[in-house]
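Input: a single structure, listed below in structure tokens.
Just so you know, these numbers use all the heavy atoms, side chains as well, and skip hydrogens, waters and symmetry mates.
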Amino acid sequence: MSAPDEFPAQYDFATNEPAIYARWQAAGVFTANTARSSRLGGDRAPYVIVMPPPNVTAILHVGHGLNGAVQDVLMRWARMKGQEALWVPGTDHAGIATQNVVEKQLAAEGKTREDLGREQFVERTRAFVAETGGVILQQLKSIGASADWTRTAYTFSPELSGAVREAFVRLFEKGLIYRGHRVIHWCPRCLTSLSDEEAEPTETTGALYHISYVLQDDPSRIITVATTRPETMLGDVAVAVNPEDERYQDLIGKNVILPILNIPIPVIADDYADPAFGTGVVKITPAHDANDFDVGRRHGLPTPVVIDEHGNLGEVMDAVGRVPAHLIGVERFRARKQIVKLLEAAGRLEKRETHLHNVRHCYRCDTVVEPRLSDQWFVRMQSLATPALDAVRTGHVRILPERWVGVYESWMTNIRDWNISRQIWWGHRVPVWYCSSCDAPNNVIASRTDLASCPQCGGDVRQDTDVLDTWFSSGLWPLSTLGWPDENAPDLKAFYPTDVLVTAPEILFFWVARMIMFGFEFKGETPFHTVYLHGTARDTQGRKMSKSLGNGIDPMDVVNRYGADALRYTLIAGMGLGADVFLDPADLDKSFATGRNFATKLWNIGRFLLKNVGDGEVTSFGPGLALNRADEWILDKLDTAIRESDRALGPLRPEGKQWRNDELTAGLRLNDFAETARRFVWNELADVYLEAIKTRLLTPGDDQQVARSVLVHVFDQALRLLHPIVPFVSEALWARLPGHVEGTFLATASWPAARAEAAASPRVGEFEMLMEVAGALRTVRSKYNVPPSQEIAASIVTSAGNRGVLTEESVLINRLTKATIAFVDTAPAGDASNMVLSGGTELIVPLEGLIDVRKECARLESELKNLEKQLTALEGRLSNPGFVERAPAAIIDAERAKLGEWSTRRDLLRARFEALCATG
RNA sequence: GGUCGCGUAGCUCAGCUGGUUAGAGCGCUGCUUUCACACAGCAGAGGUCCACGGUUCGAAUCCGUGCGCGACCA
């Protein structure tokens with residue numbers, strides 16, 4: 001017997017979790033071995049997940065916790081399934097985000113990045129990251145993440161930076177990267193361009209200003225133009241109408257007068273103008289609107305720039321005479337007000353109405369983004385998108401939940417070129433050098449190595465000052481973390497392509513789509529066969545948890561209070577495929593009760609069980625044990641739980657390279673898995689089986705040995721099933737199982753297998769019958785408040801077979817219900833509680849003095865009524881010729897069987913009701 | 001505006017290819033501090049499956065419309 005302090009009543013997760021984690025690490029349980037991968041001649045199929053790299057300066061929030069928990073469940077499951085499991089962890093240098101953090105620090109010191117200069121600023125950021133970065137990886141360990149930390153990667157490491165250069169140069173050489181003069185999203189605070197995805201639309205109530213323009217030839221003719229950004233009118237070069245629009249046919253080719261500046265601009269015809277929107281006339285500002293830019297280019301219009309990089313008005317480029325002197329240098333939103341005043345004064349502001357529209361904000365600092373004409377690097381997406389789109393359409397990659405497939409397809413088919421240059425300092429610098437001597441286009445050289453002079457003429461070169469979008473490097477993540485571009489890298493050979501990519505739907509385009517595109521472009525193969533998009537953590541009002549709203553939950557708080565297992569179980573069990581998880585940040589006790597209760601319960605089950613099994617030798621489980629009904633029953637339930645778990649988790653990978661249609665949505669139902677495992681260990685193993693075998697466990701003899709053997713076996717299997725969800729407490733208990741071999745881990749134990757499917761032993765059904773009898777007896781006790789100490793005597797009318805079973809199990813029945821049973825041929829008269837069970841078994845409990853006849857009659861009557869209602873419906877169905885002719889035979893048989901069963905029960909109930917309640 | 005999703009017990013949600021007396025957790029009610037666990041056990045209450053219409057022998061499940069939410073893309 002274990003000493004009491006070795007098996008405390010309360011599970012001490014606070015000391016257990018870190019200790020267990022340390023043991024796993026010391027044993028190298030999470031370290032993958034290339035030689036064992038079947039792709040390199042080993043005997044294990046690889047199962048690989050690359051972790052979405054959190055920002056290097058990030059600290060763990062629930063979203064990360066959820067993401068990590070999902071991946072860890074899959075990793076641990078695959079590892080136990082005998083796969084060579086590799087979970088690659090790492091962080092992202094997060095260009096704009098990290099630069100902003102350091103800039104804030106500088107601001108606190110009264111400095112700007114310009115004060116330091118580029119080199120020093122980058123150095124300082126590097127030091128900052130080295131010192132404080134990667135905290136989140138440590139936090140992931142405390143939630144149990146079984147990642148291979150020996151392979152921890154970083155997007156800005158020398159190795160991964162090399163991959164970035166290689167990718168850039170290859171795309172450049174193929175002509176897929178080009179320098180473009182375009183209107184892009186510009187953040188006037190970060191002073192950088194942003195991709196379409198980084199400029200996030202936010203619904204905002206603004207104003208729609210209706211401005212009247214007069215015709216140059218005929219001042220009496222007025223047309224109205226609506227805009228939400230009147231300050232951009234200084235850069236207007238035309239107004240456009242739809243060529244089909246009958247209202248304005250006569251104006252096309254004529255000029256209107258641009259108010260304030262009082263210069264003539266042409267009326268042009270372009271499909272872009274939507275006749276149904278507003279007045280059907282749209283102003284064209286090519287330098288400050290992406291659509292207008294396209295219109296301008298189609299019509300050969302100039303592109304005056306009237307807003308500078310800081311968002312202030314000015315005659316920035318090709319705009320001489322376009323900004324009134326008193327507006328030069330004025331900030332854009334103040335300028336907007338002043339322009340509106342000028343319009344009012346000139347009588348040109350027709351009206352102003354409130355308007356709900358989307359305003360794009362910088363995803364890093366939330367400043368309103370300004371569309372701005374500038375030179376940027378772009379990736380031509382069309383040819384990259386084609387194989388990535390096909391891969392999803394043909395089932396080489398599946399996206400779960402399925403509804404995201406459509407979103408993915410529409411994005412990929414309407415894909416626009418990707419602006420990859422950022423005017424910041426923290427990131428991979430664009431590997432392009434400009435030669436001061438060579439002629440264009442030869443003066444632009446992309447290079448894998450730094451250039452000191454021009455390789456063509458030996459002349460002076462200077463490197464492009466832009467850095468690459470962070471997502472360019474993270475798009476290479478599955479490749480670069482495994483050693484690409486070295487095609488002979490063992491990790492690349494052993495582990496690429498990977499298996500599942502687990503992330504949030506928000507970054508489907510930012511990241512997932514680009515990884516798929518790069519996977520095909522650089523390796524000719526998809527980086528993973530499954531994209532699993534999980535939900536978002538929200539508060540009770542449905543708001544996304546975020547730092548800025550202050551409604552987040554710190555997973556470390558949860559770990560400290562209830563343990564990592566409680567956190568994981570709650571998240572996994574509470575999250576349907578792709579569904580959001582709702583938690584109350586103000587009530588952690590309630591939010592995490594599910595997981596906390598479960599972890600405690602599991603511990604207690606283990607404690608009771610192991611204490612009772614004791615230290616003596618346990619007969620090893622196998623054929624030949626003289627199993628009794630309870631044993632057969634729990635083994636049957638175990639098989640069911642294993643099968644259901646396997647079905648919920650699904651196949652590890654497609655059989656070939658493509659998912660079959662019927663497997664396209666199979667598996668990854670982690671909540672179903674959690675529920676199945678919970679039901680088995682709690683409701684079936686603990687509530688029923690343990691209660692049923694307590695006496696056997698305490699009574700020395702052969703049967704005790706059988707019970708111990710089955711119990712240990714079943715609990716061992718249960719711990720294996722549960723391990724992916726609650727790794728710590730399961731590992732702690734597993735180590736205490738009799739016969740545990742020091743140095744072996746549940747984390748690498750084999751996944752349970754159900755016994756071959758066979759006709760269930762009749763003893764399983766017999767056990768269920770006797771549990772039904774016990775349940776009925778308990779119901780009677782509870783209904784009539786029979787004191788726990790008082791024995792009751794019941795009469796039963798039942799088949800000979802059931803009599804035999806109940807006689808054999810009378811000790812168990814008595815232990816569970818404090819009842820003794822007498823068999824009778826017909827129900828005795830007198831005040832009694834009456835129940836009819838499956839198969840027409842009648843249970844009569846005479847309770848002279850205790851039973852309230854009126855109450856019993858009311859109960860019988862309501863049961864009878866309910867049953868009659870069901871029977872009417874059932875009879876209706878069976879007498880419907882349509883049903884009998886067209887429904888499948890199996891369904892009809894089942895309905896007929898039900899009819900027989902229910903009719904018997906109704907007849908018996910009615911008889912009892914009349915005997916007891918008939919008032920004469 | 002386009003595309004998509006959601007509306008099932010007081011709350012949060014399962015219910016996959018139509019056939020269940022519609023489920024779980026939390027909460028609630030009663031009994032029990034019985035020697036694993038009160039973060040528990042036993043027994044319960046609680047649902048016109050948003051509304052209307054349709055397909056079908058049969059609909060929470062499929063289709064349409066409406067109402068109410070939400071997401072993504074414009």
Please report, rounded to the nearest Å, how far the [atom2] atom of [N] is from the [atom1] atom of [X].
{"X": "A/Glu875", "N": "B/rU21", "atom1": "CD", "atom2": "C1'", "result": "15 Å"}
{"X": "A/Leu690", "N": "B/rC42", "atom1": "CG", "atom2": "P", "result": "12 Å"}
{"X": "A/Phe883", "N": "B/rG19", "atom1": "CZ", "atom2": "C1'", "result": "7 Å"}
{"X": "A/Leu609", "N": "B/rA40", "atom1": "CG", "atom2": "P", "result": "19 Å"}
{"X": "A/Trp682", "N": "B/rC26", "atom1": "CH2", "atom2": "P", "result": "6 Å"}

How would you label the contact of [X] with the nucleic acid (heavy atoms, under 4.0 Å): base, sugar-phosphate, or nothing?
{"X": "A/Arg647", "result": "base"}
{"X": "A/Asp589", "result": "nothing"}
{"X": "A/Lys869", "result": "nothing"}

Among [options], which nucleotide sits nearest the side chain of [X]?
{"X": "A/Arg669", "options": "B/rG15, B/rC39, B/rU21", "value": "B/rG15"}
{"X": "A/Arg403", "options": "B/rU21, B/rC4, B/rC31", "value": "B/rC4"}
{"X": "A/Asn604", "options": "B/rG30, B/rA71, B/rA36", "value": "B/rA36"}
{"X": "A/Lys590", "options": "B/rG19, B/rU21, B/rC26", "value": "B/rC26"}

- Query: Do A/Arg778 and B/rC31 have a side chain to base donor-acceptor pair shorter than 3.5 Å?
  - Reply: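 A donor-acceptor contact between them is absent.
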- Message: Is it the case that B/rC39 (base atoms only) and A/Lys601 (side chain only) share a donor and an acceptor within less than 3.5 Å, ignoring hydrogens and angles?
- Response: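 Counting by modelled atom types and ignoring angles, no donor-acceptor contact under 3.5 Å is found here.
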- Query: Any side-chain N or O of A/Thr600 less than 4.0 Å from the OP1 or OP2 oxygen of B/rA40?
  - Reply: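 Indeed not, no polar side-chain atom of A/Thr600 lies that close.
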Within the sub-3.5 Å range, which N or O atoms of nucleotides 22-25 of chain B have a protein N or O partner, and how far apart are they?
| from | atom 1 | to | atom 2 | distance (Å) |
| --- | --- | --- | --- | --- |
| B/rA24 | O2' | A/Glu675 | OE1 | 3.3 |
| B/rG25 | O2' | A/Thr594 | OG1 | 3.1 |

- For A/Phe13, which residues count as a ring pair (Phe, Tyr, Trp, His ring centres under 6.0 Å) partner, sequence neighbours excluded?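 A/Phe13 satisfies ring pair (Phe, Tyr, Trp, His ring centres under 6.0 Å) with no other residue.
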